[in-house]
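Letters A, B, ... mirror the listed sequences (proteins, then strands); counts begin at 1.
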2 protein chains.
Amino acid sequence: MRVTVDIVIFALRDWELQVLLIQRGIPPFEGHWALPGGFVHEDESLEAAARRELEEEAGVRDLYLEQLYTVGDPGRDPRGRVVTVAYYALLTTEVALVAGTDAGAARWMPARKHPRLAFDHDRILGYALERLINKLEYTTVGFKLLPKTFTLGQLQRVYEAVLGRPLDKRNFRRKMGLLGILTPLDEYVQDGPSRPAQLYRFSAKRFERLRDKGILFPF
Amino acid sequence: MRVTVDIVIFALRDWELQVLLIQRGIPPFEGHWALPGGFVHEDESLEAAARRELEEEAGVRDLYLEQLYTVGDPGRDPRGRVVTVAYYALLTTEVALVAGTDAGAARWMPARKHPRLAFDHDRILGYALERLINKLEYTTVGFKLLPKTFTLGQLQRVYEAVLGRPLDKRNFRRKMGLLGILTPLDEYVQDGPSRPAQLYRFSAKRFERLRDKGILFPF
DNA sequence: ACAAAAGTGTTCGATATACACCCATGT
DNA sequence: ACATGGGTGTATATCGAACACTTTTGT
């Protein structure tokens, strides 16, 4: 029985949630778009296989990676029995700028509006999106889509892009402030003709402390 | 690469959350307790394999089954590379009374207090317990541990057993009542010397309606 | 009579939501 | 001057947590 890993690679591009897809060059589903992935080697863990594929097919390392679901129906791959462990990955906005530029067949597409995918990859992508939305609300995955420092406006745009709906600026800032997991920096950036915005960074230490006290949610 | 399914079978016995474990008769880990499981056949789906093992090793059918996580580190099985898809199952209290009585090596043990398990099954069991606790709060898995009709006292004991802490009776009843997914029956049962308790059943239709309106949470 | 579980409301604090204006900057 | 995003507070509704007594039955 052959085992593969497929990866749903999410990133924010132009403040839209997108996924990196690969156009298949060989049958089955030749010409169709599909999730990047490949076979698991005999001597590597499932996660190592996923990271290797990420580097080979998207040219990225050091990102957030989480196992999603395993599909293995007989007949899902016309070539024979294949069990696929699906992962999803989150890229920061800077990394996403260079990801997938090597492989000619790779392309970013909107996560909610994309062509029919090969195999059962539509289902996997839908499930990944659902999981990401849920995790956004009770974990800190949102920060994984941004660089180390960011403005509150950028952070809110991440949440809006993933959730797919607008959020109230004042409520969003109050909630983030109450969590106490953001450290303001003495730096300001400006993007376009507007008032400069203060930079923040995610404070993992404070987050761990809160989580251990049971104030926040487990991962 | 060989693929197996292992199943964490939960049930309430004596109002305690227990798991069904199997004592291994052959190396490796001979004599150790382990999760029931076995190899996936070439022509069956992962879930079908899990259901087959449930019937073979525990003698149960028609239960709640949900995929949990997939482990596949090289070296986790000394016999060679094995990728294991873990599931967890919920048995109703009546079914649990007969489960595992055929296989001599099967035994129910408390979910939170059990011997060291073979392979990495301790981790899998811990993860299953965590998942069950989380799902209890935003889904209706709690009902899967009870027969079709039940009293509110029994339902509360299910929640307390899974969560591992006592709940306030009035708050519990009010919350359940507000959800509007319980249908009272014109039947009463009595267990011991006390006032008879009204029977209820879970109303899946109302639940679906609420969920579709976004009032309840997605599965 | 008493033991044991069923049944029933109110108060309070915390949390989520709705909502509008001034500020700093580039053009 | 104006367009653009940054930054700030209050009022209200909703939800979760704490808390005690009466009822019905078997022994």
Side-chain angles (χ1 to χ4, degrees), chain A residues 12 14-16 93 133-134 136-138 142 146 149-161 163-201 210 213-217, chain B residues 12 14-16 93 133-134 136-138 142 146 149-161 163-201 210 213-217:
Chain A
L12 243 65
D14 305 325
W15 304 113
E16 182 190 31
T93 46
I133 291 172
N134 286 331
L136 194 69
E137 302 192 349
Y138 63 95
L146 284 174
T149 67
F150 47 83
T151 69
L152 293 178
Q154 291 168 344
L155 185 61
Q156 183 176 343
R157 281 194 286 274
V158 168
Y159 275 73
E160 290 177 332
L163 296 176
R165 61 186 162 91
L167 300 174
D168 182 87
K169 187 171 29 165
R170 284 164 296 183
N171 292 338
F172 180 80
R173 284 164 185 243
R174 188 187 23 254
K175 194 195 286 192
M176 282 295 159
L178 284 176
L179 287 178
I181 55 178
L182 294 181
T183 306
L185 307 177
D186 281 332
E187 290 175 71
Y188 294 80
V189 288
Q190 202 176 345
D191 178 35
S194 103
R195 178 170 167 179
Q198 189 166 16
L199 282 175
Y200 290 79
R201 64 179 169 74
L210 289 173
K213 282 188 195 164
I215 296 170
L216 279 181
F217 313 80
Chain B
L12 241 65
D14 305 323
W15 303 115
E16 183 190 32
T93 46
I133 291 172
N134 286 331
L136 194 69
E137 303 192 348
Y138 63 94
L146 284 175
T149 67
F150 47 83
T151 68
L152 293 179
Q154 290 167 345
L155 185 60
Q156 183 176 343
R157 282 195 285 275
V158 168
Y159 274 73
E160 291 177 332
L163 296 175
R165 60 185 162 90
L167 299 174
D168 181 87
K169 186 171 28 165
R170 284 164 294 181
N171 292 338
F172 181 80
R173 283 164 186 246
R174 175 152 26 86
K175 194 196 285 192
M176 283 295 161
L178 284 176
L179 287 178
I181 54 178
L182 294 181
T183 306
L185 307 177
D186 280 334
E187 291 175 69
Y188 294 79
V189 288
Q190 202 175 347
D191 178 36
S194 102
R195 178 171 169 178
Q198 190 165 16
L199 280 176
Y200 291 79
R201 63 177 168 75
L210 288 173
K213 283 187 194 167
I215 295 170
L216 280 180
F217 313 79

(request) Kindly write out the residues that satisfy side chain to side chain donor-acceptor pair (under 3.5 Å) with B:Gln156, not counting sequence neighbours, or none if the list is empty. (result) B:Glu160

(message) With rounding to the nearest 0.5 angstrom, report the CG to CG distance, A:Leu146 to A:Leu155.
(response) 6.0 Å

(request) Let me know, please, whether A:Arg170 or A:Lys175 comes out on the 5' side of the other along DNA chain C by nearest nucleotide. (result) A:Lys175

(request) Take A:Gly153 and A:Asn171, find for each the nucleotide of DNA chain D with the closest heavy atom, and name the residue whose nucleotide sits nearer the 5' end. (result) A:Gly153

(message) Base, sugar-phosphate or nothing for B:Lys169? Non-hydrogen atoms, less than 4.0 Å.
(response) base

(request) Check every nucleotide of DNA chain C for an atom under 4.0 Å from a heavy-atom of chain A, then give the first and the last such nucleotide from 5' to 3'. (result) C:dT17 to C:dG26

(request) Hey, could you give me the CZ/CG distance between A:Arg157 and A:Leu12, rounded to the nearest 0.5 Å? (result) 9.5 Å

(request) Please list, in 5' to 3' order, the outermost nucleotides of DNA chain D lying under 4.0 Å from any heavy atom of chain B. (result) D:dA17 to D:dG26

(request) Estimate the overall bend of the helix from C:dA1-D:dT27 to C:dT27-D:dA1 from the end axes over five pairs each, rounded to 10 degrees. (result) 0°

(request) Please list, by residue number, the residues of residues 189-199 of chain B whose heavy atoms come closer than 4.0 Å to an atom of DNA chain D; answer none if no residue qualifies. (result) B:Gln190, B:Pro193, B:Ser194, B:Arg195, B:Pro196

(request) Would you name the heavy atoms of B:Arg165 and B:Leu167 that are closest together and state the gap between them? (result) NH1-CD2, 3.6 Å

(message) The criterion is side chain to side chain donor-acceptor pair (under 3.5 Å); which residues satisfy it with A:Arg170, sequence neighbours excluded?
(response) none

(request) Can you sort out the partners of B:Tyr159 under ring-ring contact (aromatic ring centres under 6.0 Å, His included), two or more places apart, ordered by chain and number? (result) B:Phe172

(request) Can you see which heavy atom on A:Gln154 is nearest to which on A:Trp15, and at what distance? (result) CG-CH2, 3.5 Å

(message) Can you tell me how far apart NZ (A:Lys169) and CG (A:Leu152) are? Round to the nearest 0.5 Å.
(response) 10.5 Å

Enumerate, atom names and distances included, each donor-acceptor pair closer than 3.5 Å involving a side-chain atom of residues 176-197 of chain A, sequence neighbours excluded.
| unit_1 | atom_1 | unit_2 | atom_2 | d |
| --- | --- | --- | --- | --- |
| A:Gln190 | NE2 | A:Ser194 | O | 3.0 |

(message) Distance check, rounded to the nearest 0.5 Å: A:Arg173 atom CZ versus A:Asp168 atom CG?
(response) 10.5 Å

